[in-house]
Amino acid sequence: MPELPEVETMRRSLLTHVVGSTVVNVDVRERRLRRPLDANLERLLCGRTFTAIDRRGKYLLFELDDGQTLLVHLGMSGHLAVKPAAAGTLAHDHVRIELSSGTALVFNDPRRFGLLRLGTILELDELRNVGCDPLLDHWPLETWRDMTRDRRLPIKNFLMDQKLIAGIGNIYANEMLYEAGIRPRRRASRLRLSELRRLSKAMRKVLREAVRLGGSSISDYRDADGRPGYFQIHHTVYDRADQPCRRCATIIRRIVLSGRSTFYCPKCQK
DNA sequence: CGCACCCCCTGCCGGC
DNA sequence: TGCCGGCAGGGGGTGC
């Protein structure tokens, strides 16, 4: 589910519910996530007050009043929701963080590829591999050129490498390459400067627009208030194999890159 | 060392 | 109707 726009939408929808609230109880039902939940998560979280929620790539950082950070990654199927503390528990509700406001912040994740981890910024080594953020950071064309210079991998894989650029996943990589008119299999090192410029613009345009619309609503995506995203009606290539290109009516192709479904218009993308 | 591949896990969908 | 294979928005480890 979550790429940068969904994570950012989630962050914004959580702010008013969470920031300023104090943790009164933590209820863990499943510790086996991407990595086992910290043994003392409950003890360390109780009594703490959330001071801010930040985002880096696809990671959410819940800042606490003791200088620690609760790091959350939603993986493929993770959700966060704020509910009345009295609300019933659903299947795959793994962690419930009860707040002083009478609500609970609930982490639900059927596939358990998500992550919750408590620590200081320096201790959270996951963050060491998080690259530039497409919306928080801005980098010049020369940086694009330097980053791609010796990389022979497909440009789509380049875009999805979180160590380089953080936050782009499979849907938006496909969408921004369509927007830029570049085929996903092109080797990063072979892109011309003019193409990198188009890609840079397309990246920010696609992500900003998706954030503006509240993220993608593929499957059952919801923000913390249960609102769906509206990006899916704007998908131009993702999951549109064998359907006509919205621009030129050429049939959209599906290929597989590094095991991930990849879609492009053979006429609009070169 | 860059990169492709496989795995982690559950749910859902289409085909038989 | 039910079972089974394939696929799904992510990331990390392995091995070539």
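Any value given below was found using the heavy atoms of this structure, including those in side chains, with hydrogens, waters and symmetry copies removed. Below, chain A is the first sequence line, B the second, and so on; all start at residue 1.
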(request) Any chance you could list the contact pattern along nucleotides 3-8 of chain B? Use B for base contacts, S for sugar-phosphate-only contacts and - for none, protein heavy atoms under 4.0 Å, 5' to 3'. (result) SS---B
[X] [atom1] to [N] [atom2], straight-line distance once rounded to whole Å:
X	N	atom1	atom2	answer
A:Met10	C:dG9	CE	P	18 Å
A:Asp239	B:dC12	CG	P	17 Å
A:Glu6	C:dA8	CD	P	17 Å
A:Arg112	B:dG11	CZ	P	10 Å
A:His73	C:dG9	NE2	P	14 Å
A:Leu80	C:dG9	CG	P	20 Å
A:Arg260	C:dC7	CZ	C1'	11 Å
A:Leu164	C:dG11	CG	P	13 Å

(request) Among A:Arg204, A:Lys58, A:Arg55, find the residue that satisfies the salt bridge (Lys or Arg N to Asp or Glu O under 4.0 Å) test when tested with A:Asp133. (result)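 For A:Asp133, the salt bridge (Lys or Arg N to Asp or Glu O under 4.0 Å) test succeeds with only one of A:Arg204, A:Lys58, A:Arg55, which is A:Arg55.
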(request) Check every atom of B:dT10, C:dG12, C:dG10 against the side chain of A:Pro110 and return the nucleotide holding the closest atom. (result)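 In terms of side-chain proximity for A:Pro110, the closest of B:dT10, C:dG12, C:dG10 is B:dT10.
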(request) Report the nucleotide, chosen from B:dG11, C:dG10, C:dC7, that has the shortest atom-to-atom distance to any side-chain atom of A:Lys58. (result)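 Between B:dG11, C:dG10, C:dC7, the one nearest the side chain of A:Lys58 would be C:dG10.
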(message) By the 4.0 Å heavy-atom rule, please label A:Tyr59 as base, sugar-phosphate, or nothing.
(response)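 Sugar-phosphate: the residue A:Tyr59, judged by heavy atoms under 4.0 Å, touches backbone atoms but no base.
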(request) Calculate, to the nearest 0.5 Å, the distance between atoms OG1 and CG belonging to A:Thr148 and A:Leu191 respectively. (result)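 Nearest 0.5 Å value for the OG1-CG distance: 6.5 Å.
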So does [X] get a side-chain nitrogen or oxygen closer than 4.0 Å to the phosphate oxygens (OP1/OP2) of [N]?
X	N	result
A:Gln162	C:dG11	yes
A:His92	B:dG11	yes
A:Arg34	C:dG12	yes
A:Tyr238	C:dG9	yes

(request) Output yes when a side-chain donor or acceptor of A:Asp109 lies under 3.5 Å from a complementary backbone atom of A:Phe113, and no otherwise. (result)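 Pair found, side chain donor or acceptor close to backbone of A:Phe113.
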(message) So does A:Gly181 get a backbone contact from the side chain of A:Gln269, meaning a donor-acceptor N/O pair under 3.5 Å?
(response)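 Absent.
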(message) Looking at C:dT1, which nucleotide sits across from it as a Watson-Crick or G-U wobble partner, both distances under 3.5 angstrom, or is there none?
(response)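 Per the H-bond distance test, none.
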(message) Partner lookup for B:dC9, please. Criteria are Watson-Crick or G-U wobble with both distances under 3.5 angstrom; report none if nothing qualifies.
(response)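 Its partner: none found.
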(request) Determine the interatomic distance between P on B:dC5 and the same-named atom on C:dC7; round to the nearest Å. (result)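 Pairwise P distance, B:dC5 against C:dC7, rounds to 14 Å.
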(request) Pick the P atom in C:dG6 and in B:dC6, then give their distance to the nearest Å. (result)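 Between the two P atoms, the distance is 13 Å.
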(request) State yes or no: do A:Leu80 and A:Val82 share one hydrophobic cluster built from I, L, V, M, F, W and Y residues joined by side-chain heavy-atom distances below 4.5 Å, directly or via other members? (result)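 Yes, because A:Leu80 and A:Val82 connect within a single hydrophobic cluster, where side-chain heavy atoms sit under 4.5 Å apart.
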(request) Hey, can you tell me if A:Phe263 and A:Tyr238 have their rings parallel, tilted or perpendicular (30° and 60° cut-offs)? (result)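 Ring orientation, 0 to 90° scale: perpendicular.
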(request) Start with the C-alpha distance between A:Thr120 and A:Gln68, add both sets of side-chain angles, then the distance that settles side-chain hydrogen bond (donor to acceptor under 3.5 Å, both in side chains), and finish with yes or no. (result) CA-CA 5 Å; A:Thr120 62; A:Gln68 299 243 99; 5.5 Å; no
(request) Decide whether A:Arg48 and A:Thr22 meet the rule of one side-chain donor and one side-chain acceptor closer than 3.5 Å. (result)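 The criterion, which ignores hydrogens and geometry beyond distance, is not satisfied for A:Thr22 and A:Arg48.
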